[in-house]
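Reading through the structure tokens given below for one structure.
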Amino acid sequence: MPPLIEYHCGCTSLPTGIPPPPHLASSSFAFHPLHGLYFCEECDAVRCNRCVTVEISGYYCPNCLFEVPSASVRAEKNRCARNCFECPVCTNTLQVVPSDPPEPHSGAPVTISTVGEPPFFLYCNHCRWDSFDAGVTFEKPTGLALQLQKTEDSAPEILEVEKLKDYFEPALKQAQINQQYQQALAAAATGGTTGAAGGPGNVGHSPTTSLNPIHVAASSALSREVPSFKYSGSSRRPGLGPSLAKRGPAPSLGSNVNDIDHPTKDYKPRITAGTGEGLAHDAEIEWVSKLGLPAGEENGGGAISGISFAHKNEIASLEQRLHATQYSWAPTHSLRTVDLKPTRVPLRSKKSKRCPKCTHILIKPELKAQSTKWKIKLVAANYLPSIEVVIPTLGLTNPSVKRTGKEKDATPEDAALANMMLPGKTYPFHLVFSNPLYDPINVRLSVQRSFPPPPTGSTPNTAPLDPSAAVPSRRPPYAISLPTSAFPIAAYAEAWEYEDEEDEEMPDDEELGLNLGIGSRTPGKSGSGRDGKGKAKTVGILERRANVTKVGGEVVIGKDGKGAVKFNMLVTYTYRSDDPAEDKADTSTSGTPASKLGSARKDTNSGSGATDNMKTFSFYTVVDLGMIAPKEMVAKVEKQERRESVQTVGVYN
Amino acid sequence: MAAPQAEPRRPTSMSGAGEARPRQSSSSYVVGNAPQYTATRRHSLYGTEDRIIIDPGSRFWKVGFSGEGKPRQVFLVGSRHVGHAHDEAGGGVSQLWQLEGPKTAEEREEADRMLAARLQDALRSVFFESLMTDPKSRKVIIVEHPLLPLRVKDLLAKILFDNLNIPSLSFASSSLLALIAVGRTSGLVVDSGHLETYALPISSSRPMYPLIKTTPRAGARLTQHLRALILEFGTFHPPFATLAGSANTAPRPTRIPPEILTDAIIEDIKTSCCFVGRVMSQSPSGAPDTMGIDTDMPSPRTEDRMSVDPESQPHTPLRSGPNSGTQTPVRQSQAGSSASWATRYQRDSSAVDFLVPVKPPPPLSGTGRGSIRVPGWVRERAAELLFEAGDVDEASVAEVVLQSLLKTPVDLRKDLISTIVVIGGTAMMPGFIPRLHDEIVRTLTKVTPTASVRSPKRRAYDPYEPLRALVDHVAILNDPSPVPSRARTAGSAPAFAPLCMSWVGGSIAGALKTGGQEILHDKWDEASVVIEEPETPLHGLATRENNFVLPDWTRAPLRVGAPHAGVHPPRQYGVPLDEPITV
């Protein structure tokens, strides 16, 4: 996996406001790619898809792009009610095809209708499934869903649920009346003095509150409950058995006809489990048990592949069965592929999203199904600098890649190793920042310590991630170096605008960048960097052009390092705000040099920066640099290497 | 907002449909012809809308609207986050919670965060992807498994109220809902899911929670067992190395490399080509004892498997031999535990071998797909794990049913044993329910050996002696192939799939405006307080802590004089436990 960077959304931070340490699994839920994030201007905060409030603003069919009015979505079960069907086997879209035209009889002129011959059926262009075998055919090639409506509406389980509802409803009503009456009685008897009678579980529905008829009526309207559903009702308690329960208040008032627990007649289902649908149960077991290789068959090697896979295809996989269940009228019991029925294409929705705190709209699509534009679009990519991570030396230092050209193909292990870092080595990496704002910004980076909250003020960048104060065994086997001081990124501008400025600006920037770069390096790190790559500078600003600045960092892998190299990086940037309100920047960092630098630069740039409002915004990112090669893998390749005695032994010193 | 209008507008939306339907609806609502139509119509008259029914399992979630006959969607939790490394991070298995939690406090903290994050993702996807509805206007019923961890319940409520802003939430017992789906209010519910199987008696719509009996022999254990069996007895047919070779140069079948047998493939084998055979024909007395030992099957890890496996020789000819059929004599002669096991099952199985196509990993990949040969008896007898006689810790499914019955009052037993309802995903295996019936009957009719030679009249202790008289009344309501019994209730339940039964019950309860105590959003908000967390990292998920106490059977107040069960009383309880509660 290439090195990648993700941005933090505050909704999942630890109580202290810092994101979870990157080695925890839950860290992956707190960080998101930049393109998936929104930015609320009111709250001045990043919002992610896990915290925004979602509203469905329109439904459409992804296949025919019909915009379904929201009134009919519910009744159509979130599925396209026109001609769009999905293959139950492969979920490809199905096509309506006519039957073959009749054989031309002798002499009789064949009249071929323009739409084709009925019956029509659905055909899958991908897996060649057709609905003819599943017993689904149509008289007309249009309005297919309507033609099937009747089948769907009279699906057995729907009728069954209706019947069950009708069976329970009178009894429930009776039970409710009884309960209210009892409560009224009980309340009258005790005079509302039984303090804790309801018990804590009986929130808002204790007998004492329903003293007068108004209360009884209100409670019946508000909370229609069966007494028996409650865990801790005052009169009926679970787990005591009927003999004990009967000793309490009388369970019913006279009419036992509608007593839910002692029905006069049992419920008679329409279709009983015993009769079943599709294949009978025993027959199905028989079918499954006999499906496969016949007992005597000696599969002589290759002969198996063709025939035997067909058996697998006769059984619908769980996925296919569930897909068919989601909405079609296929029997849910059946294992057989032939029992699968085509499903209507599920609708998609256009969603608008709001900030969970201030309910301002963050993103709002145009309602037309064909349109891919937005009416409102506050995406984080327009507010935060985008960052790319590159490890320039990775994939080159490892011998396997060099070897591939001349020798036989690299083993998969070699290929994997080529993208991993080796223990005990130092790797430079580049962070490429690009600024989406129309104002230049100053960026300052710092590495978040893994465990304790970072002490404010000091940002020891080249320190090992985990101080010894934390659990020693958890000490990450790598150290990250980043440029300590702030660096500028020029404003975003249209491509043609850069041409004019280029002459005057570039020398200045070059000088600035160089200074910063050298200043930020700690001697030891730069030395190792030079050793590793023979390059003068690895930590600091490497390149500036247009609105892009490339800075270098460095990671030192410990001798016995293993696992992933991941670290949380706090990015703080300062920009000039047009907004006179000053209170937005809440994160206070030691950014005075940065802001000074920024304003100075702006002065030279525009010449009108006298009354600048400098604002600071900071956000966390997680940088995943990739994996450290496991010891045994390195050893294996190394051994192979030595055996082959290729000239690149020096890499492993 | 839009939802109440949805129902009355429905006729116009399908005006082009059958001409008959609108006319019929205007005159009278004839139940039977277009029942769904009348149903939705009736709802709108009450002015309320359908609720959302969520049946959250540790793996599969069933979600949909009340009043419908099927869940809108049944999905594997966590399977939707394609491209994000969430589930790899979560331990590979897409399973929300396990039976065993992490040991250390820090790990627990982290597991808690993971659970919260995954639950949140799942719930958000239910509303915005599966059902595409606005959570702010929908009441929610959660189908609650009796053994659902309280932490999960708390998190569900927290996310639904705080993140999704639903107006009201209620929890309904999954077993009771399953009974409603079969049109009853009393019965014995057996739920065989992924993590555990339990039996819970319900009388007059009151779940008798203290009488619940449970065993970990369920889907997860079965998967583990099946993997071990396939690794041991299955064969791998690699693909051709090159396309040029003829049929004679086809690669020899080998043992299955463990890395090929991914969780997905095992799951596929389990759900599509396995089934439960009928009771084996052997003498009922001798078999269970030895089989009980064999139940401790090698775990799926290879090293364990190798160490337990007493005979590595029989497999060497397997590598050279053309198929496993010739191996039978070798296994018998070796008489190792797993070998005798294999032959015993093999003798009793009529199923044929089955080939499952697999895509081998790089070192073995040749020209395409290889295949795994699953012996027929493995397909048929893997589920024996669930039915073999168990011990104190892990009873078999049938034993769980009987033990639970033993705890119920005597006058209820007869009714309960003739109204057994079997639900859950593992019960979807073809043959599971009939086999459970047979197994219960077999356990009750088993001839117990005499205790000693000296007193031949004294029998060995039989725990199920009190239930023996009821053997004629054993009946599973949703038995798809019922055996005629005196109870005559076998197979009389509606033909809902066992997996969906609880959900369907929830759908009915939701349509009838019932289903547990409602927790309103206002109440939830009132109870929430802002706790200023001290500067302690890694402790506490968020600053806003809600001390609303969800109703739960484990939190029900104890009777007067009941012994103090735990050291920790439930926190923030309205009434202290010591105080007597007047009924």
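Here is how names work: the chains are called A, B, and so on, in the same order as the sequence lines, proteins then strands, and each is numbered from 1.
- In the displayed structure, A:R348 atom CZ is contacted under 6.0 Å by at most 12 heavy atoms of other residues, nucleotides or ligands.
- How far CZ of A:F29 is from CZ of B:R118: 6.0 Å, rounded to the nearest 0.5 Å.
- Chain A forms more heavy-atom pairs under 4.5 Å with one residue of B:P135, B:A351, B:G183 than with any other, namely B:G183.
- Neither the backbone nor the side chain of A:K163 comes within contact range of chain B; no heavy atom of the residue lies under 4.5 Å from a heavy atom of that chain.
- Separating the CG atom in A:L318 from the CD atom in B:E267 is a distance of 7.0 Å, to the nearest 0.5 Å.
- Only the backbone of A:A316 comes within contact range of chain B, with at least one heavy atom under 4.5 Å from a heavy atom of that chain.
- Contacts of A:V68 with chain B are absent, with no heavy-atom separation under 4.5 Å from either backbone or side chain.
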Decide side-chain contact (heavy atoms from CB on, under 4.5 Å) for A:N49 and B:F128; before the verdict, give the C-alpha distance in whole Å, the side-chain angles of both, and the deciding distance to 0.1 Å. CA-CA 11 Å; A:N49 264 324; B:F128 303 135; over 6 Å; no
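- Minimum heavy-atom separation, B:E68 to A:V161: O-CG2, 3.9 Å.
- Of the two parts of B:V374, neither the backbone nor the side chain holds a non-hydrogen atom closer than 4.5 Å to a non-hydrogen atom of chain A.
- Taking the side chain as every heavy atom from C-beta outward, A:V73 and B:M132 never approach each other to under 4.5 Å.
- Of the candidates A:E314, A:R321, A:E319, A:R321 is the only one forming a side-chain contact (heavy atoms from CB on, under 4.5 Å) with B:S272.
- Between atom OG1 of residue A:T53 and atom CG of residue B:N163 there is a gap of 8.0 Å, rounded to the nearest 0.5 Å.
- With sequence neighbours excluded, no residue satisfies salt bridge (Lys or Arg N to Asp or Glu O under 4.0 Å) with A:E160.
- Only the side chain of B:K136 comes within less than 4.5 Å of a heavy atom of chain A; its backbone N, CA, C and O stay farther away.
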Determine whether A:V288 and B:R379 satisfy the following criterion, side-chain contact (heavy atoms from CB on, under 4.5 Å), listing intermediate values before the conclusion. CA-CA 10 Å; A:V288 174; B:R379 294 207 286 145; 3.6 Å; yes
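- Minimum heavy-atom separation, B:A117 to A:R50: O-NH2, 2.6 Å.
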Please test A:K77 against B:F65 for side-chain contact (heavy atoms from CB on, under 4.5 Å), starting from the C-alpha separation and ending with a verdict. CA-CA 10 Å; A:K77 306 214 161 186; B:F65 292 102; over 6 Å; no
A:V54 and B:F127: side-chain contact (heavy atoms from CB on, under 4.5 Å), yes or no, with the steps? CA-CA 9 Å; A:V54 179; B:F127 282 94; over 6 Å; no
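- Within the model, atoms CG of A:L291 and CG of B:D353 stand 12.0 Å from one another, a figure rounded to the nearest 0.5 Å.
- The two atoms that bring B:G67 and A:K165 nearest to each other are CA-NZ, 4.0 Å, heavy atoms only.
- Checked by atom type and distance alone, the side chain of A:N78 pairs as donor or acceptor with a backbone atom of B:L131 at under 3.5 Å.
- Taking every heavy atom of both residues into account, B:D268 and A:S317 meet most closely at OD1-CB, 3.9 Å.
- In this structure, the separation between CG on A:L164 and CD1 on B:I180 is 9.0 Å, given to the nearest 0.5 Å.
- To the nearest 0.5 Å, atoms CD1 (A:I56) and OG1 (B:T133) are separated by 7.5 Å.
- Remark: A:I285 pairs with A:H281, B:F275, B:P430 by the side chain to side chain contact (heavy atoms under 4.5 Å, CB included) rule, at least two apart or across chains.
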